[in-house]
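See structure below.
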Amino acid sequence: MEENMRINKKKLLSYGIVLSMTAVSMLSTSPLASAAGNVKDEEFSFVSGVDSYPNYTRWREKKDTTMTYCYPRKYGGTYAKVSGCYYDKNKDQHLNVQNCSNGVFIPLNVQGLIVNYVREYGCNRARLYSYVNKGVATSGLWSPDSTENSSYTVFK
């Protein structure tokens, strides 16, 4: 009986090691663990006809080729697109400003990911351009880069 208990302890130990290795492997390949991009949420808020038009967020560094995150949380959804530019530190200038996504409508309370080509177009900065109808307000969160999340809706 004592010999069987040793075998079971060895099996249990080896199963524990395998489970631990599996957990570490899954964590190291998860999108959250590998997110090196600029994923910190920043607030945006626009009221068409009150704020200057067009309604842009500030330029932020775009570190990878992931989609841009946009989450309208108050008032109404937003029509949005992603603009890109190349920021030259030496000249302190934003150069080669261009549209890097299609215009999409993201409904209120929907966490959206906007397909964009900021990095692919040679840009290193992004900003969200929100265009809403006159007298309409929108407010929410955005970030230039994103982590994959199956509960978010992808907008092309």
Side-chain angles (χ1 to χ4, degrees), residues 17-156:
I17 291 170
V18 169
L19 287 174
S20 296
M21 289 171 52
T22 302
V24 168
S25 173
M26 287 172 63
L27 180 62
S28 67
T29 59
S30 78
L32 293 177
S34 61
N38 191 357
V39 297
K40 183 176 180 188
D41 291 342
E42 185 171 285
E43 289 189 37
F44 69 87
S45 183
F46 305 115
V47 180
S48 181
V50 174
D51 293 327
S52 62
Y53 191 83
N55 301 305
Y56 288 107
T57 61
R58 70 181 183 92
W59 288 110
R60 292 179 61 194
E61 184 177 11
K62 177 104 172 94
K63 295 184 178 181
D64 58 36
T65 59
T66 60
M67 293 175 265
T68 295
Y69 176 73
C70 181
Y71 179 26
R73 300 186 328 164
K74 292 181 185 174
Y75 312 119
T78 186
Y79 287 94
K81 63 172 69 170
V82 179
S83 297
C85 77
Y86 178 77
Y87 177 70
D88 186 331
K89 287 184 204 179
N90 296 327
K91 295 179 181 178
D92 190 27
Q93 288 183 330
H94 294 93
L95 307 168
N96 195 25
V97 176
Q98 55 189 310
N99 287 326
C100 295
S101 77
N102 292 324
V104 298
F105 178 74
I106 303 176
L108 182 65
N109 294 319
V110 171
Q111 294 186 54
L113 298 175
I114 304 171
V115 173
N116 67 83
Y117 301 96
V118 173
R119 295 297 296 192
E120 292 87 342
Y121 290 174
C123 301
N124 59 7
R125 295 283 190 271
R127 67 180 175 186
L128 189 67
Y129 163 51
S130 175
Y131 47 106
V132 292
N133 293 327
K134 188 172 183 172
V136 176
T138 185
S139 178
L141 302 172
W142 86 286
S143 65
D145 299 319
S146 64
T147 57
E148 292 181 29
N149 186 317
S150 61
S151 68
Y152 297 169
T153 304
V154 174
F155 293 90
K156 297 178 183 182

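- The minimum heavy-atom distance between Thr78 and Cys70, with the atom names listed, is CG2-SG, 4.0 Å.
- Tested against Arg119, the residues Thr66, Asp64, Asn124 include a single side-chain contact (heavy atoms from CB on, under 4.5 Å) partner, Asn124.
- When side chains are defined from C-beta on, Asn55 does not count as touching Tyr129, because their heavy atoms never get closer than 4.5 Å.
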Handout entry: Test side chain to side chain contact (heavy atoms under 4.5 Å, CB included) applied to Arg73 and Leu108, step by step
Key = CA-CA 6 Å; Arg73 300 186 328 164; Leu108 182 65; 5.6 Å; no

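- Between Glu120 and Thr65 the shortest side-chain heavy-atom distance falls below 4.5 Å.
- Atoms NZ and CG, from Lys40 and Asp145 in turn, are 14.5 Å apart once rounded to the nearest 0.5 Å.
- Residues satisfying the side chain to side chain donor-acceptor pair (under 3.5 Å) test with Tyr71, not counting sequence neighbours, are none.
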Exercise for the section: May I have the step-by-step check of side chain to side chain contact (heavy atoms under 4.5 Å, CB included) for Val154 and Val115, ending in yes or no? Expected result: CA-CA 7 Å; Val154 174; Val115 173; 3.8 Å; yes

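- Listed for the Ser146 side chain is no donor-acceptor partner under 3.5 Å among the backbone atoms of Thr68.
- Rounding to the nearest 0.5 Å places CG of Asn116 at 13.0 Å from NZ of Lys81.
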Donor-acceptor pairs are to be reported for all side-chain atoms of residues 96-103 against protein atoms at under 3.5 Å, with residues two or more places apart or in another chain.
from: Ser101; atom 1: OG; to: Val82; atom 2: N; distance (Å): 2.8
from: Asn102; atom 1: ND2; to: Lys156; atom 2: O; distance (Å): 2.8

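- In this structure, the side chains of Met67 and Phe155 stay at 4.5 Å or more apart for every pair of heavy atoms.
- Here the closest heavy-atom approach between residue Asn38 and residue Glu61 is recorded as ND2-O, 2.8 Å.
- One side chain, Asp92 or Tyr87, offers a donor N or O that lies under 3.5 Å from an acceptor on the other.
- For the pair Pro72 and Gly77, the tightest heavy-atom approach, listed with the atom from each and the gap, is CB-CA, 4.1 Å.
- Under the 30°/60° scheme for interplanar angles, the aromatic rings of Tyr152 and Tyr69 are found to be tilted.
- Shown here for Ser83 and Tyr56, the closest heavy-atom pair between the two residues is OG-CE2, 4.0 Å.
- Closest non-hydrogen pair, Phe44 versus Thr138, comes out as CE1-OG1, 3.9 Å.
- Between Leu113 and Asn149, every side-chain heavy-atom pair lies at or beyond the 4.5 Å cut-off.
- Once rounded to the nearest 0.5 Å, the distance linking CZ of Arg127 with NZ of Lys62 reads 15.5 Å.
- Taking the six-membered ring where the residue is Trp, His94 and Trp59 present parallel rings, their angle staying beneath 30° rather than reaching 60°.
- With sequence neighbours left out, Glu42 forms a salt bridge (Lys or Arg N to Asp or Glu O under 4.0 Å) with Arg58, Arg60.
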